[in-house]
Amino acid sequence: MTPRLIVTDLDGTLLDADHDLTPGTIATLRTLSAQGHHLALASGRHFRDMLLFRERLGVPVHVISTNGAYLHDQHDGLVAARHVDRELARDLIALPLQAGVRLNLYLDDEWLIDAEAPHLLALHAHTGFGYRVAEPGELDGERVGKVLYIGEPQQVAELETEIRRRHGERLHLTYSMETSLEIMAGGVNKGAALASLLDSLGMEAEACLAFGDNLNDVEMLTLAGEAHVMGNAHPELRGRVPKARVIGHHTDGAVTKYLRERFAL
């Protein structure tokens, strides 16, 4: 058997409608790990937000977090970290925001927000991870892995236009949801982090299976030898990764079903 690297996004992909792992998913990934395959989770979530999922799997799992700004090995060792340049981060922090738009910063160890937004915590109910409202002097742009604006689609689209006008390719802009504009340092994305992981494992991209559902998965899916797009994916994703195979909906456990078929479990 040839070992493979199986890398998957979480929300809208591996997780169910309640943003949780099902018993069937846990059992399937444990079996694949026992057979010698490598596993990786790749998400826009913070590293600390992803740890509980890995702990519940109970097998070695690599973690690509904050859309590739951080790469951790199976033992929590930090393999790589890429921060937004301090001056660029400070410029993003200072941008005027429309009412209702929340500024979020993912730092090495925590999630900061500019004001209370309890509705955002529902996504993290199964992990217990949450934000801390920042004091005014804390938004200094130091060691920022990701700047995240959350608001109505038109509001964040206008921010995207302005940020691209100001900074061009010095920043990497993407979306995890239509309401979530995510900004990392230039060249930082899940695909770049996946390339580093493959290199560390001594594996070629052809040996990688990847699963995703949104625009922040484009680079990862493009790199992987076997790319899979969810049936519930962002409508533009299939066009951006034409080689990808479309599978079922995340609420139906499509990743788990496909893996069981693909590896004859």
Side-chain angles (χ1 to χ4, degrees), residues 7 9-11 19 39-57 60-95 102-117 120-121 123-150 163 167 170-177 180-197 199-200 216-217 219-220:
V7 57
D9 173 54
L10 290 174
D11 301 286
H19 302 282
L39 305 178
L41 301 177
S43 176
R45 290 184 183 235
H46 195 283
F47 173 66
R48 295 190 178 279
D49 195 20
M50 298 171 68
L51 287 179
L52 183 63
F53 294 123
R54 188 178 68 178
E55 290 172 3
R56 289 176 57 197
L57 288 172
V61 180
H62 300 271
V63 178
I64 295 170
S65 63
T66 315
N67 286 328
Y70 302 94
L71 171 62
H72 286 80
D73 65 21
Q74 302 158 313
H75 310 290
D76 291 352
L78 180 62
V79 177
R82 290 278 311 279
H83 298 103
V84 177
D85 178 84
R86 179 176 180 272
E87 293 308 312
L88 293 178
R90 288 171 66 88
D91 185 77
L92 295 173
I93 291 166
L95 281 178
R102 294 274 62 82
L103 167 69
N104 303 260
L105 303 180
Y106 276 24
L107 308 183
D108 292 352
D109 296 312
E110 62 179 336
W111 164 19
L112 297 183
I113 194 168
D114 62 349
E116 290 285 356
L120 299 181
L121 300 176
L123 185 71
H124 313 275
H126 292 286
T127 67
F129 185 70
Y131 59 71
R132 180 170 65 82
V133 178
E135 298 295 331
E138 290 185 289
L139 301 177
D140 58 7
E142 295 286 354
R143 302 192 70 77
V144 175
K146 177 174 78 173
V147 177
L148 167 64
Y149 299 103
I150 299 178
I163 293 165
H167 302 300
R170 291 189 292 171
L171 294 167
H172 180 78
L173 283 70
T174 189
Y175 287 86
S176 58
M177 294 183 287
S180 300
L181 173 61
E182 315 216 355
I183 305 169
M184 288 69 61
V188 171
N189 55 67
K190 293 183 185 181
L194 175 59
S196 295
L197 176 55
D199 185 62
S200 71
N216 61 338
D217 297 313
E219 293 84 3
M220 175 177 77

Nearest heavy-atom pair of [X] and [Y]: which atoms, and what distance?
X: Leu121; Y: Gly130; result: CD2-CA, 3.9 Å
X: Leu39; Y: Pro60; result: CB-O, 4.1 Å
X: Glu219; Y: Asn189; result: CB-OD1, 3.3 Å
X: Thr127; Y: Arg45; result: CG2-NH1, 4.0 Å
X: Ala89; Y: Val84; result: N-CG1, 3.8 Å
X: Arg82; Y: Ala185; result: NH2-CB, 4.0 Å

In terms of side-chain geometry, is the basic nitrogen of Arg170 or Asp85 positioned less than 4.0 Å from the acidic oxygen of its partner? no

From [X] [atom1] over to [Y] [atom2], what is the distance, rounded to the nearest 0.5 angstrom?
X: Ile163; Y: Leu181; atom1: CD1; atom2: CG; answer: 5.5 Å
X: Tyr106; Y: Arg48; atom1: OH; atom2: CZ; answer: 13.5 Å
X: Leu95; Y: Leu103; atom1: CG; atom2: CG; answer: 9.0 Å
X: Lys190; Y: Leu197; atom1: NZ; atom2: CG; answer: 13.5 Å
X: His72; Y: Tyr70; atom1: NE2; atom2: OH; answer: 8.5 Å
X: Asp217; Y: Asp9; atom1: CG; atom2: CG; answer: 4.5 Å

Kindly indicate whether the side chain of [X], heavy atoms from C-beta on, has any atom under 4.5 Å from the side chain of [Y].
X: Trp111; Y: Asn104; answer: yes
X: Glu142; Y: His83; answer: no
X: Leu51; Y: Phe129; answer: no
X: Asp91; Y: His167; answer: yes

Applying side-chain contact (heavy atoms from CB on, under 4.5 Å) to Ser180 and Leu148, what does each step give before you reach the verdict? CA-CA 7 Å; Ser180 300; Leu148 167 64; 3.9 Å; yes

Taken in chain and number order and not counting sequence neighbours, the residues that satisfy salt bridge (charged side-chain N to carboxylate O under 4.0 Å, His left out) with Arg132 are Glu110, Glu138

side-chain contact (heavy atoms from CB on, under 4.5 Å) for Leu78 and Phe47? Distances and angles first, verdict last. CA-CA 10 Å; Leu78 180 62; Phe47 173 66; over 6 Å; no

Does Tyr131 form a side-chain contact (heavy atoms from CB on, under 4.5 Å) with Asp114? I'd like the steps, not just the answer. CA-CA 10 Å; Tyr131 59 71; Asp114 62 349; over 6 Å; no

For Arg90 and Asp140, what are the C-alpha separation, side-chain angles and deciding distance, and is it a salt bridge (Lys or Arg N to Asp or Glu O under 4.0 Å)? CA-CA 6 Å; Arg90 288 171 66 88; Asp140 58 7; over 6 Å; no

Throw together a table of side-chain donor-acceptor distances under 3.5 angstrom for residues 61-69, partners on residues two or more places apart or in other chains.
from	atom 1	to	atom 2	distance (Å)
His62	NE2	Gln74	NE2	3.4
Asn67	OD1	Asn216	ND2	2.8
Asn67	ND2	Glu182	OE1	2.5

Any side-chain donor near an acceptor of the partner, Asp109 and His46, under 3.5 Å: no

Leu171/Leu92 under side-chain contact (heavy atoms from CB on, under 4.5 Å): CA gap, chis, key distance, verdict: CA-CA 11 Å; Leu171 294 167; Leu92 295 173; 4.0 Å; yes

